[in-house]
Every structure is written in structure tokens, then in C-alpha cells.
A.B. asks: 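This is the structure, below, for whatever I ask next.
What you see below is based on every heavy atom in this structure, not just the backbone, and it leaves out hydrogens, waters and symmetry mates. Just so you know, residue 1 is the first one in the sequence shown, and it goes up from there.
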Amino acid sequence: MLRPLAALAVAMLCAEAAQAQITPTTPPVYPPPAPPAGDTIAAANQKEFATPSVLGMGPSKGLIFHYERMPRFNVSSDGRVVGLNDYRSQAEKNARLVIKGYIPFWNRPHLKMLLGVNYEREEFKFRDRPTGYELYDNIEDKGLKTLGAQLAIIRPVNEVNWYIFRVKGELSGDYTSSELSVRDYLRVSSEFLYGWKRSPTFSWGVGLQLGYTFGRQSIYPAVLYNRTFNNRWGVEALFPARITMRYNASPRSLFFAGYSVDGLNYIIKLREPLRREGAIDLRTLELRETEVKFRGRWEREIYDFLWFGLEGGYRYNYAFDAFDRTNDNRFKIIDSKLAGAPYASFELFIVPPRKFLKKTVDK
């Protein structure tokens with residue numbers, strides 16, 4: 001999911017965000033020159049704590065409005081238990097609306113804490129209506145929603161080392177306001193990364209992530225690698241979830257290209273139960289969605305604190321499968337394939353005003 005790096009990007013130091021917007025012709029010396037002997041005040045002020053961000057990265061995002069759309073694509077579902085039918089059709093629409101906000105409520109050189117909230121809605125519209133297939137009728141009627149909150153902590157240890165801890169809770173499923181139950185729909189993810197800031201243009205780290213990137217909740221290793229090679233080119237990665245090459249056309253215009261792996265996990269409460277021969281009828285399913293996107297992106301400043309982003313590419317759907325949530329073995333009930341399709345998205349986001357960043361740097 002695009003999600004792990006969001007907490008990192010918005011938690012950058014304001015000073016570093018300002019430097020990212022004004023890329024220097026000659027990279028600054030790091031660490032800064034030692035102060036003259038006996039200058040204890042300068043020695044105290046010169047200490048710079050390490051963070052995962054590097055020069056050249058885009059500005060920190062505070063509030064994000066994102067809309068994504070895919071055109072028509074084929075849908076194929078195979079029932080994996082006796083009594084369930086197969087289904088073949090087309091989805092005429094798959095759209096996603098994402099609204100995110102981040103608030104840095106603690107910002108000190110040695111400790112930064114960030115609170116984030118998000119609302120997401122994914123909608124499908126199928127060619128046949130009703131489809132006659134209970135899973136898809138349910139999804140089209142109510143949509144798939146995610147409401148979440150997260151806490152991210154960035155702890156610079158010294159001038160070189162840093163670590164990040166993030167925990168996130170989300171309510172994910174096809175619920176309506178009258179059906180919402182925290183116990184039924186809650187999904188929790190977290191991550192921990194420990195890293196090294198080798199220079200203003202190179203930072204990397206290793207750690208573990210607990211989440212739904214590959215459908216089912218699982219723990220997997222993660223490698224963060226942020227590096228700016230020169231005044232134009234850089235890379236931002238959190239492998240294996242995402243790798244992105246960056247091109248700084250100007251301080252106000254950036255281009256990106258790469259891939260991302262996004263995973264979602266929804267709880268579906270069926271209006272009509274799924275009937276299986278020789279087994280209890282199912283009323284609740286766990287839907288696991290995993291996709292790989294090959295994408296290009298352009299971010300551009302509109303006015304000081306307001307930017308927009310245009311993105312397009314190709315989506316490969318790895319899984320869109322329904323499981324028996326009542327069974328600890330998570331037996332697959334429906335094996336679905338969504339055909340690959342192009343996609344496009346538009347985004348507006350708010351960043352710290354340049355005047356504010358300049359005052360922060362000058363302090």
C-alpha cells in the first residue's frame with residue numbers, strides 16, 4: 001500500500017522541506033565545519049539530528065485530496081466450494097476517493113510525533129445490474145470504505161542514526177453508519193525502521209512491517225533507501241512495497257516513475273447468505289485485494305502552499321479473493337481475477353507555506 005511512506009514524507013523537518021524546494025547548485029558540506037575552539041554556543045547550535053529525508057525530496061504534505069479512476073475491465077470469479085457458482089462479466093467503473101490529513105503535534109530536534117487521519121472509498125459498477133452474484137451486488141450497493149487514524153514517531157538518535165515507529169488503526173469494509181462496529185471492522189498495521197543518515201543526500205534503513213500489503217495480515221522485512229544523486233536525479237524507496245525514481249525539473253516541478261504494491265483488506269457482511277452444501281451458510285466474508293501499479297507522476301506547485309499531482313499508469317491485479325472469516329484456516333471461498341487496466345488520478349495537496357519554512361530555517 002502507498003501508505004507506509006506517507007507517514008515518513010509528511011514527518012520531515014520543516015527545514016529540510018525548505019531545502020528540498022530550493023535545491024542548491026553545490027551540495028552543502030555534511031556534517032558542518034567544526035566551530036572555533038572555545039565557542040561552546042556555536043558547538044551546541046551546530047548539532048544536526050538525523051532524519052530519513054534527503055535534499056531534493058518534494059515538500060511535506062499536510063492535507064491531501066486524491067481521486068483515481070479506471071475504465072472498463074473484465075471480471076472473472078470462480079466458486080471454490082460446492083454450491084457456489086462462477087461469474088464472468090465486466091466492471092464498467094472502479095473509482096477511489098482518498099482524503100488524508102497530517103498534524104505534527106510534537107516537533108523537537110530529538111523527537112517528532114505526527115497524527116494522521118484518512119478516509120477512503122472504493123466504488124465498483126458492473127455491467128449487469130443486479131449481477132446475480134451476491135458478493136458483487138453487495139459491493140456495488142454499499143461500496144468499500146476505510147476510516148483510519150495513525151500515530152507516527154520519528155526519533156533522531158544523533159547526527160547519524162534515527163528510527164521510526166508507526167501504528168495505524170482502520171475500519172475497513174462495506175459498512176454503513178448504522179452497521180459500523182469497531183470489533184468487526186478494525187484492522188491494525190504497524191512498522192518499525194532503524195536507519196542511518198550518511199549525508200544530506202543519502203539516508204537508508206531496515207525494519208519490519210506488519211500489515212496487509214499482500215492481502216492477509218503478515219510481517220515482512222522492509223528496506224528504506226532515499227538518495228539524491230545530483231541536482232536532478234534521485235530515488236525514494238521502501239522495498240518491497242515501493243520504488244520510485246525522481247527527477248527534479250525545478251524547485252516547483254517534480255517527476256516520478258516506478259512501481260508500488262498496494263494491499264487492502266475488507267470485511268463484507270452479506271445481505272443474503274452464501275449457501276454451501278454440507279456447511280453453515282456464510283454471512284461475512286474477508287475480501288483481500290492486492291495490486292501492483294506501474295506508474296508515472298508529476299507534481300507541480302500552483303501557489304506557494306498549494307500543489308497538484310497527476311498520475312497515470314497500469315494496474316495489475318494480483319488478487320481479489322474472498323475468504324471464510326469464521327474459519328481460522330481462512331479457507332478461500334471465491335477466487336477472482338480483475339483484468340489489468342490503465343488508470344489515472346488527480347491530486348491536490350497542501351504543504352507548509354514557503355514564508356513559514358523560511359522563518360523556521362532562519363531561527
A.B. asks: Classify the side-chain pair Asn248/Arg246 by whether it contains a donor and acceptor separated by less than 3.5 Å.
C.D. replies: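 Indeed, the side chains of Asn248 and Arg246 share at least one donor-acceptor pair under 3.5 Å.
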A.B. asks: Could you state whether Ile350 and Val98 fall into the same hydrophobic cluster, counting links through intermediate Ile, Leu, Val, Met, Phe, Trp or Tyr residues with side-chain heavy atoms under 4.5 angstrom apart?
C.D. replies: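 Ile350 does not cluster with Val98.
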A.B. asks: Counting neighbours of CZ on Arg283 that are heavy atoms of other residues, nucleotides or ligands and sit closer than 6.0 Å, is the number greater than 12?
C.D. replies: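 Not more than 12 within 6.0 Å, no.
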A.B. asks: Please determine whether side chain to side chain donor-acceptor pair (under 3.5 Å) holds for the pair Arg242 and Thr244, giving the CA-CA distance in whole Å, both sets of side-chain angles, and the decisive distance to 0.1 Å.
C.D. replies: CA-CA 7 Å; Arg242 170 178 166 175; Thr244 305; 3.2 Å; yes
A.B. asks: Charged N to carboxylate O below 4.0 Å: is that the case for Glu170 and Lys168?
C.D. replies: yes
A.B. asks: Same cluster or not: are Met113 and Val117 linked, directly or through other Ile, Leu, Val, Met, Phe, Trp or Tyr residues, by side-chain heavy atoms under 4.5 angstrom apart?
C.D. replies: no
A.B. asks: Check this for me, if you would: do Asp304 and Arg252 make a salt bridge, where the nitrogen-to-carboxylate-oxygen distance has to be below 4.0 angstrom?
C.D. replies: no
A.B. asks: Please tell me whether Ser77 and Tyr136 have a donor and an acceptor in their side chains that are separated by less than 3.5 angstrom.
C.D. replies: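 Looking only at side-chain atoms, Tyr136 and Ser77 do form a donor-acceptor pair, the distance falling under 3.5 Å.
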A.B. asks: So how far is it from Lys197 NZ to Glu159 CD, rounded to the nearest 0.5 Å?
C.D. replies: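 If we round to the nearest 0.5 Å, Lys197:NZ and Glu159:CD are 11.5 Å apart.
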A.B. asks: As an exercise, state the distance from CD1 of Ile154 to OG of Ser53, rounded to the nearest 0.5 Å.
C.D. replies: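 So the gap between those two atoms works out to 7.5 Å.
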A.B. asks: Is it true that Arg96 and Glu289 have a side-chain N and a carboxylate O under 4.0 angstrom from each other?
C.D. replies: yes
A.B. asks: Treating Gln217 as the side-chain partner and Val188 as the backbone partner, does any N or O pair qualify as donor plus acceptor under 3.5 Å?
C.D. replies: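 Yes, because the side chain of Gln217 sits within donor-acceptor range (under 3.5 Å) of the backbone of Val188.
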A.B. asks: Please name the pair of heavy atoms, one in Tyr102 and one in Pro104, separated by the smallest distance, quoted to 0.1 Å.
C.D. replies: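 Distance-wise, the nearest heavy atoms are O-CD, 3.9 Å.
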A.B. asks: A side-chain contact here means heavy atoms from C-beta on lying under 4.5 Å apart; do Ile153 and Trp106 qualify?
C.D. replies: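 They are not in contact (no side-chain heavy atoms under 4.5 Å apart), so the answer is no.
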A.B. asks: If the threshold is 4.0 Å, N to carboxylate O, is there a salt bridge linking Asp184 and Lys269?
C.D. replies: yes
A.B. asks: Tell me, yes or no, whether the heavy-atom count around Ile103 atom CD1, taken from other residues, nucleotides or ligands under 6.0 Å, exceeds 12.
C.D. replies: no
A.B. asks: Which atoms form the tightest heavy-atom contact between Trp196 and Val206, and what is the distance?
C.D. replies: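 Closest approach of Trp196 to Val206, heavy atoms only: CZ3-CG2, 4.4 Å.
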A.B. asks: Between Arg232 (side chain) and Ala249 (backbone), is there a donor-acceptor pair under 3.5 Å?
C.D. replies: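 A pair under 3.5 Å: yes.
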A.B. asks: Between Ser253 and Trp298, what is the shortest heavy-atom contact and its length?
C.D. replies: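 Where Ser253 meets Trp298 most closely, the heavy atoms are OG-NE1, 2.8 Å.
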A.B. asks: Determine whether the aromatic ring centres of Tyr225 and Phe202 lie less than 6.0 Å apart.
C.D. replies: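 Yes - the distance between ring centres of Tyr225 and Phe202 falls below the 6.0 Å cut-off.
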A.B. asks: With no hydrogens and no angle check, do the side chains of Asn118 and Gln150 hold a donor and an acceptor under 3.5 Å apart?
C.D. replies: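 Distance-only check fails for Asn118 and Gln150.
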A.B. asks: Counting only heavy atoms not in Tyr303, do more than 12 sit closer than 6.0 Å to its OH atom?
C.D. replies: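 No, the 6.0 Å shell around OH holds no more than 12 heavy atoms from other groups.
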A.B. asks: Can you tell me how the ring of Phe124 sits relative to the ring of Phe126, calling it parallel under 30°, perpendicular over 60° and tilted otherwise?
C.D. replies: parallel
A.B. asks: To check you understand the geometry: which heavy-atom pair defines the closest contact between Phe49 and Val157, and what is its length?
C.D. replies: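 Between these two residues, the closest heavy atoms are CE2-O, 4.3 Å.
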A.B. asks: Give the C-alpha distance, both sets of side-chain angles, the deciding distance and a yes or no for ring-ring contact (aromatic ring centres under 6.0 Å, His included) between Trp307 and Phe305.
C.D. replies: CA-CA 7 Å; Trp307 286 58; Phe305 61 88; over 10 Å; no
A.B. asks: Is the shortest side-chain N to carboxylate O distance from Glu311 to Lys293 below 4.0 Å?
C.D. replies: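 Not counted as a salt bridge, because no side-chain N and carboxylate O are separated by less than 4.0 Å.
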A.B. asks: Strictly distance-based, threshold 3.5 Å: is any side-chain N or O of Ser336 a donor or acceptor partner for the main-chain N or O of Phe320?
C.D. replies: yes
A.B. asks: If hydrophobic clusters are built from ILVMFWY residues whose side chains come within less than 4.5 Å, do Val160 and Trp204 share one?
C.D. replies: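 The answer is yes; both residues are in one hydrophobic cluster.
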A.B. asks: Taking side-chain hydrogen bond (donor to acceptor under 3.5 Å, both in side chains) as the criterion, tell me which of Glu122, Glu123, Arg69 meets it with Asn94.
C.D. replies: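 It is Glu122; the other options fail the test.
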A.B. asks: Nearest heavy-atom pair of Asp86 and Asp78: which atoms, and what distance?
C.D. replies: OD1-CA, 3.3 Å
A.B. asks: Is it true that Phe105 and Phe165 fall in one hydrophobic cluster, defined by side-chain heavy atoms closer than 4.5 Å?
C.D. replies: yes
A.B. asks: Going by an N to O cut-off under 4.0 Å, is there a salt bridge joining Arg166 and Glu191?
C.D. replies: yes
A.B. asks: Tell me, do Leu147 and Lys145 make a side-chain contact under 4.5 Å, heavy atoms counted?
C.D. replies: no
A.B. asks: Would you kindly say whether Arg288 and Thr290 are connected by a side-chain donor-acceptor distance under 3.5 Å?
C.D. replies: no
A.B. asks: Write down the atom of Tyr67, the atom of Ala95, and the distance for their closest heavy-atom approach.
C.D. replies: OH-CB, 3.6 Å
